[in-house]
Amino acid sequence: MTQQDLLSLLDQLIAGWESETVEFKEASRDYSTDKIGSYFSALSNEANLRGADSAWLILGVRDKSHTVVGTDYRPEIERQQSLKWQITQGTEPSVTFRNVYEATHPGIRRGSVAGHG
């Protein structure tokens, strides 16, 4: 996905806000891997039940104001990508975590990270 594709998707997801397959978290610096695993497991289950192709956990968006604030969660791309392995190993039954994307939002110091399963 290009940066433009990611920003367009982010705008669409924010416009529709949270649902059974979309969750936003601010996650400014640290965020519990266990919490991410729980959210992703629930989102993936809902996607399967609804026949959806994917579910999204978006970090760097403030819940109450729907504002993109960015995140410093796992700033190194290798650490972001290692989250896929950690979630897969920590969920039972195992969840398919397709990718981690980093979108550089205009005016934000660091991009939002989205998990796609």
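Taking the side chain as every heavy atom from C-beta outward, L6 and Q3 approach each other to under 4.5 Å. In this structure the side chain of K25 reaches within 4.5 angstrom of the side chain of L57, judged on heavy atoms. Between R62 and F24, the closest side-chain pair of non-hydrogen atoms is not below 4.5 Å.
Considering all non-hydrogen atoms of both residues, E20 and E46 come closest at O-CB, 3.3 Å. Contact detail for A55 and S44: the closest heavy-atom pair is CB-N, 4.2 Å. The two residues L13 and I58 come nearest to each other via the heavy atoms CD1-CD1, 3.8 Å.
No continuous path of ILVMFWY side-chain contacts below 4.5 Å connects I14 to L7, so the two sit in separate hydrophobic clusters.
A donor-acceptor contact shorter than 3.5 Å is absent between the side chain of T67 and the backbone of V69. With hydrogens and angles ignored, the 3.5 Å screen pairs no side-chain donor or acceptor of E23 with any backbone N or O of W56.
In this structure, a donor-acceptor pair under 3.5 Å is present between the side chains of D5 and T2.
A distance of 10.5 Å separates CG of D53 from CG of N48, quoted to the nearest 0.5 Å.
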